[in-house]
Amino acid sequence: MRRFPLCLASTMTVLMMCAMASTAAAEEPNNARFNVTVIHATQGEPEVDPELQTLAETLKGSFKDYQRFKKLLSRSKKSAKGKATKVKLPDGNNALFTFDGMDKGFIKVKFELDGFKTQLRVRDGGLFFQAGRVFKAGILVLAVEAHAVP
């Protein structure tokens with residue numbers, strides 16, 4: 001008979017922990033952090049900036065017309081839901097990122113650059129690229145990592 005209350009208590013503790021976990025999982029984050037790396041891609045002898053080694057294979061495979069990749073800057077910006085945050089680019093333009101909520105594990109992002117506007121979804125912790133802006137005999141490539149944060 002003494003085991004019953006102990007088992008019941010253990011079961012109730014597990015149920016309470018599961019309920020708390022599901023409540024926490026159901027809460028949607030209010031912010032997103034965008035880690036933006038701006039890269040200058042040019043033609044010439046193949047070379048990848050040592051600071052870009054984690055992206056090297058992706059850059060080479062995705063931007064085959066370019067062989068040289070130099071990191072120009074990195075910024076980490078936080079966006080509250082519905083509020084735009086900006087990153088000033090080396091060409092003088094601003095890239096705007098707006099956290100627009102979550103959708104099944106994906107971060108909804110509104111992105112704007114010099115009149116170009118788009119909406120996209122990126123997996124929480126995932127990476128997307130925006131490229132093609134002509135800059136000093138090459139192009140600018142934005143590598144953007146998105147993270148949901150409380």
Side-chain angles (χ1 to χ4, degrees), residues 10-11 13-150:
S10 296
T11 303
T13 302
V14 170
L15 289 174
M16 286 176 34
M17 288 172 53
C18 288
M20 289 188 312
S22 65
T23 301
E27 292 178 17
E28 185 168 299
N30 295 322
N31 302 282
R33 185 180 71 250
F34 299 104
N35 299 328
V36 181
T37 301
V38 179
I39 302 158
H40 188 213
T42 58
Q43 297 177 343
E45 289 297 314
E47 183 180 352
V48 178
D49 190 322
E51 292 186 58
L52 299 173
Q53 286 306 312
T54 59
L55 296 174
E57 292 308 312
T58 303
L59 291 169
K60 291 176 190 175
S62 299
F63 304 101
K64 293 181 188 226
D65 290 342
Y66 302 93
Q67 295 80 32
R68 300 177 63 84
F69 300 95
K70 180 179 179 179
K71 177 180 166 184
L72 298 181
L73 63 91
S74 286
R75 299 286 183 269
S76 184
K77 295 288 188 159
K78 191 173 179 181
S79 170
K81 189 172 180 181
K83 303 285 185 186
T85 188
K86 70 179 177 179
V87 174
K88 187 159 185 81
L89 302 179
D91 66 359
N93 287 296
N94 291 310
L96 300 173
F97 303 89
T98 305
F99 172 54
D100 202 26
M102 299 293 293
D103 183 22
K104 298 176 185 165
F106 287 84
I107 298 171
K108 296 188 291 186
V109 181
K110 289 181 183 173
F111 174 76
E112 183 175 348
L113 178 58
D114 196 28
F116 169 75
K117 296 179 185 180
T118 191
Q119 293 182 317
L120 54 113
R121 294 172 10 151
V122 60
R123 186 164 304 282
D124 189 2
L127 180 73
F128 68 92
F129 291 92
Q130 192 287 328
R133 299 190 60 78
V134 175
F135 181 73
K136 294 185 180 178
I139 61 169
L140 291 179
V141 176
L142 278 65
V144 182
E145 191 177 302
H147 299 270
V149 293

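Note that these values count all heavy atoms, side chains included, but never hydrogens, waters or copies made by symmetry.
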Suppose we screen for side chain to side chain contact (heavy atoms under 4.5 Å, CB included). Which residues come up paired with [X], at least two apart in sequence or across chains?
X	result
Asn94	Lys86, Lys88
Ala84	Thr98
Ala95	Leu89, Phe97, Phe111, Leu113, Leu142

Applying the side chain to side chain contact (heavy atoms under 4.5 Å, CB included) test to Arg75, which of Val87, Asn35, Thr37 qualifies? Val87
If you count the non-hydrogen atoms of other residues, nucleotides and ligands that lie under 6.0 Å from NZ in Lys108, is the total more than 12? yes
Would you check if [X] and [Y] make a side-chain contact, meaning some heavy-atom pair closer than 4.5 Å?
X	Y	value
Ser76	Phe34	no
Asp100	Val109	no
Asn30	Pro150	no
Leu55	Leu127	yes

Tell me every residue that passes side chain to side chain donor-acceptor pair (under 3.5 Å) with His147, counting only those two or more places apart in sequence or in another chain. Glu145
Step-by-step side-chain contact (heavy atoms from CB on, under 4.5 Å) determination, Phe129 to Val144: CA-CA 6 Å; Phe129 291 92; Val144 182; over 6 Å; no
Just list the side-chain donor-acceptor pairs under 3.5 Å for residues 56-73, sequence neighbours left out, or say none.
| unit_1 | atom_1 | unit_2 | atom_2 | d |
| --- | --- | --- | --- | --- |
| Ser62 | OG | Thr58 | O | 2.9 |
| Gln67 | OE1 | Gly44 | N | 3.2 |
| Arg68 | NH1 | Glu45 | O | 3.1 |
| Arg68 | NH1 | Glu47 | OE1 | 3.2 |
| Arg68 | NH2 | Glu47 | OE1 | 2.9 |
| Lys71 | NZ | Glu51 | OE1 | 2.8 |
| Lys71 | NZ | Ser74 | OG | 3.2 |

About how many Å separate CD1 of Ile139 and CD of Gln43, when rounded to the nearest 0.5 Å? 9.5 Å
Side chains of residues 116-124: which donor-acceptor pairs under 3.5 Å do they make with residues two or more places apart or in other chains?
| unit_1 | atom_1 | unit_2 | atom_2 | d |
| --- | --- | --- | --- | --- |
| Arg121 | NH1 | Asp103 | OD2 | 2.6 |
| Asp124 | OD1 | Ala148 | N | 2.9 |

Do you know which two heavy atoms are closest between Pro29 and Met102, and how far apart they sit? CD-CG, 3.7 Å
Work out which heavy atom in Val141 is nearest to a heavy atom in Ala41; give both atom names and the distance. CG2-CB, 4.1 Å
List the steps and the verdict of side-chain contact (heavy atoms from CB on, under 4.5 Å) for Thr85 and Lys78. CA-CA 7 Å; Thr85 188; Lys78 191 173 179 181; over 6 Å; no
Applying side-chain contact (heavy atoms from CB on, under 4.5 Å) to Val36 and Lys77, what does each step give before you reach the verdict? CA-CA 8 Å; Val36 181; Lys77 295 288 188 159; 5.7 Å; no
In short, ring-ring contact (aromatic ring centres under 6.0 Å, His included) pairs touching residues 72-93 with sequence neighbours left out are none
Selection residues 129-138 - residue pairs positive for salt bridge (charged side-chain N to carboxylate O under 4.0 Å, His left out), sequence neighbours left out: Asp91-Arg133, Asp114-Arg133
